[in-house]
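Chain naming here is simple, since letters A, B, ... match the order of the sequence lines and numbering starts at 1 in each. As the structure is a computational prediction, the values presented were derived from the model and not from experiment.
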Protein chains: 2
Amino acid sequence: MSDIFSTVGKKPSLSKSVESQIEDAIRVRAFKPGDRLPTEQEMCAQFGVSRTVVREAARMLHAKGLISIEKGRGMFVRSVSGESAAAPMNRYLQMHFERSYVMDVVRARQILEPAIAELAAKNRTDDDLNRLAADIDALRQAEADQRELSDLDTQFHIDLARASGNSLMPLLLDPIHRLLPEIKTSIYAAVDDAKESAVQWHSEIFEAVRSGSAVAARAAMVEHLKIAEAHAERMLRRQPKTSPVS
Amino acid sequence: MSDIFSTVGKKPSLSKSVESQIEDAIRVRAFKPGDRLPTEQEMCAQFGVSRTVVREAARMLHAKGLISIEKGRGMFVRSVSGESAAAPMNRYLQMHFERSYVMDVVRARQILEPAIAELAAKNRTDDDLNRLAADIDALRQAEADQRELSDLDTQFHIDLARASGNSLMPLLLDPIHRLLPEIKTSIYAAVDDAKESAVQWHSEIFEAVRSGSAVAARAAMVEHLKIAEAHAERMLRRQPKTSPVS
DNA sequence: GTGGAAAAGATGTCTGACATCTTACCTGGC
DNA sequence: GCCAGGTAAGATGTCAGACATCTTTTCCAC
């Protein structure tokens with residue numbers, strides 16, 4: 001966006017330039033996750049700039065989550081996780097969303113996840129099936145706090161997205177599911193049989209995916225999400241005035 | 001692990017601390033978007049730290065997209081856009097994706113966008129219609145480089161997502177559309193009538209949305225994306241070995 | 001009143017120094 | 001010979017001052 005303007009009339013600052021060069025080096029895997037970057041002084045010599053410039057470039061890369069800086073040790077390339085990539089999006093949503101977002105989240109799931117279930121039935125591997133089965137078992141045996149139940153519930157859906165074979169799906173689903181986890185925990189707290197319902201429907205989806213039945217997988221997911229919608233509505237009626245804590 | 005150790009063993013650096021304080025001030029709207037922040041020297045005095053610390057804190061906030069820094073003018077609070085929130089996600093995708101992602105992107109659009117068109121037909125406001133009409137006109141009259149055509153094309157789809165009334169949709173669609181813009185420009189370069197096709201189908205979708213026909217809007221979008229899929233396949237056949245530049 | 005030059009104020013960069021943290025080495029005692 | 005502890009080396013963190021460059025304002029001359 002601002003790239004166009006920066007080429008015309010604007011001279012990118014040295015720190016920006018250095019930052020881009022390091023970022024590119026990380027991008028093309030010249031430095032792999034976990035690797036230690038050259039020291040500040042080495043970079044100063046290599047780029048022919050002062051320590052100030054190198055440090056400010058490093059701070060920007062650190063803020064972007066690409067590197068970690070440890071005092072006395074050095075700078076290290078971070079393995080960018082999907083979760084950390086989704087974190088700024090979550091921040092943004094938490095700052096901008098109104099109360100209605102709860103139903104927006106539900107509707108977004110109703111758009112994405114039936115298609116995901118369908119794709120998973122067609123493309124799932126044996127590894128995917130093992131992961132999904134483990135997710136269901138973990139949820140079935142869990143008796144812990146609602147937060148853990150919520151996380152286990154989420155894990156099944158993320159792994160299902162992974163099984164879809166479309167590498168975008170887990171990334172699109174992740175911010176949706178991690179949006180205000182307290183919402184999901186609220187549901188698990190407000191709805192008594194939420195866990196049993198989840199286990200049941202997850203199992204049904206799993207069976208359809210295992211047998212390769214795309215139609216059944218989609219149908220099961222649609223039903224699962226209808227119930228999730230009802231749960232969300234019930235939770236909203238109980239807590240009509242959820243004010244952001246922050 | 002334990003709180004005691006974390007308080008003892010973790011001493012956040014000064015620049016981190018200053019960054020957090022400024023970020024909090026922005027979050028609680030002590031500084032509103034567009035406002036000018038105090039100058040470096042004023043902050044130095046206020047926080048009792050050196051210019052180095054303030055500058056590095058500012059660089060981090062800049063990298064996070066919360067402020068903009070203009071040489072000779074000052075630092076300004078940016079209105080956090082969905083785009084900047086999606087930027088880390090885009091980086092992540094660009095770093096992790098294989099060549100197959102091109103078709104993954106197309107498939108993801110085929111899942112999301114028909115539903116978006118349907119919702120837009122139901123929920124669009126007059127403002128939405130004005131924006132969409134302007135987008136189509138801009139694309140129709142554009143004769144510029146392929147990059148601009150690609151951007152204008154994208155804008156229509158983002159605005160359509162906005163018109164859906166589901167605040168998650170623009171945010172989910174943004175990373176998809178901005179994924180490697182060169183792919184879209186490649187399509188505009190490889191396919192002669194790509195622009196005319198886009199204008200035609202955008203207009204058809206617009207008409208359906210304007211008249212409030214959800215079924216027609218979905219159908220038009222499905223057709224539009226079928227053609228987009230064909231374009232992508234043609235582009236892939238022409239450039240069977242797209243190697244990352246730089 | 002207008003135009004342009006100069007001044008003021010802001011960020012960008014450089015330099016050198018010292019502080020603090022981590023690691024490795026090296027030495028002393030057992 | 002081995003282990004413990006201190007010490008030194010190397011890395012990032014912070015400070016201070018200076019100058020460069022860009023933007024805006026001021027003010028003087030025409």
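- Atom CD of B:Glu42 has more than 12 neighbouring heavy atoms from other residues, nucleotides or ligands inside a 6.0 Å radius.
- B:Phe47 has its CZ atom 13 Å from the P atom of D:dC15, to the nearest Å.
- Residue A:Glu70 is in sugar-phosphate contact alone, with no base atom involved, counting any heavy-atom pair closer than 4.0 Å across all strands shown.
- Helical stems in DNA chain C, defined as runs of 3 or more consecutive Watson-Crick or G-U wobble pairs with both donor-acceptor distances under 3.5 Å, are listed by first residue as C:1-30 with D:1-30.
- Aromatic ring orientation, B:His224 versus B:Trp201: parallel (interplanar angle below 30°, classes split at 30° and 60°).
- Side chain to side chain, A:Thr154 and A:Asp151 fail the donor-acceptor criterion of an N or O pair below 3.5 Å.
- Between A:Asp35 and A:Lys32 there is no salt bridge, since no side-chain nitrogen of the basic residue lies less than 4.0 Å from a carboxylate oxygen of the acidic one.
- If you take CD of B:Glu56 and C1' of D:dC15, they are 12 Å apart, rounded to a whole angstrom.
- One finds a salt bridge joining A:Glu23 and A:Lys64 here, because a Lys/Arg side-chain nitrogen approaches an Asp/Glu carboxylate oxygen to under 4.0 Å.
- The CZ-C1' distance, from B:Arg55 to D:dG13, rounds to 16 Å in whole Å.
- B:Ser13 comes within contact range of the sugar-phosphate backbone alone, with a heavy-atom separation under 4.0 Å but no base atom that close.
- One atom, CD of B:Glu19, and another, P of D:dT14, lie 12 Å apart when rounded to the nearest Å.
- No side-chain donor from either of B:Ser150 and B:Asp153 sits under 3.5 Å from a side-chain acceptor of the other.
- Around the CZ atom of B:Arg162, the shell of radius 6.0 Å holds no more than 12 heavy atoms that belong to other residues, nucleotides or ligands.
- A donor and an acceptor atom sit less than 3.5 Å apart, one in the side chain of A:Arg51 and one in the base of D:dG13.
- Close approach of DNA chain C to chain A, defined as any atom under 4.0 Å from a non-hydrogen atom of the protein, starts and stops at C:dG12 to C:dT23.
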Practice prompt. Show your reasoning for whether side chain to side chain donor-acceptor pair (under 3.5 Å) applies to A:Glu113 and A:His177.
Written response: CA-CA 11 Å; A:Glu113 300 213 50; A:His177 272 276; 3.0 Å; yes
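- Residues A:Lys16 and B:Glu42 both approach DNA chain C. Their nearest nucleotides, taken by heavy-atom distance, put B:Glu42 toward the 5′ side.
- With rounding to the nearest 0.5 angstrom, the OG atom of A:Ser167 is 11.5 Å from the CZ atom of B:Arg107.
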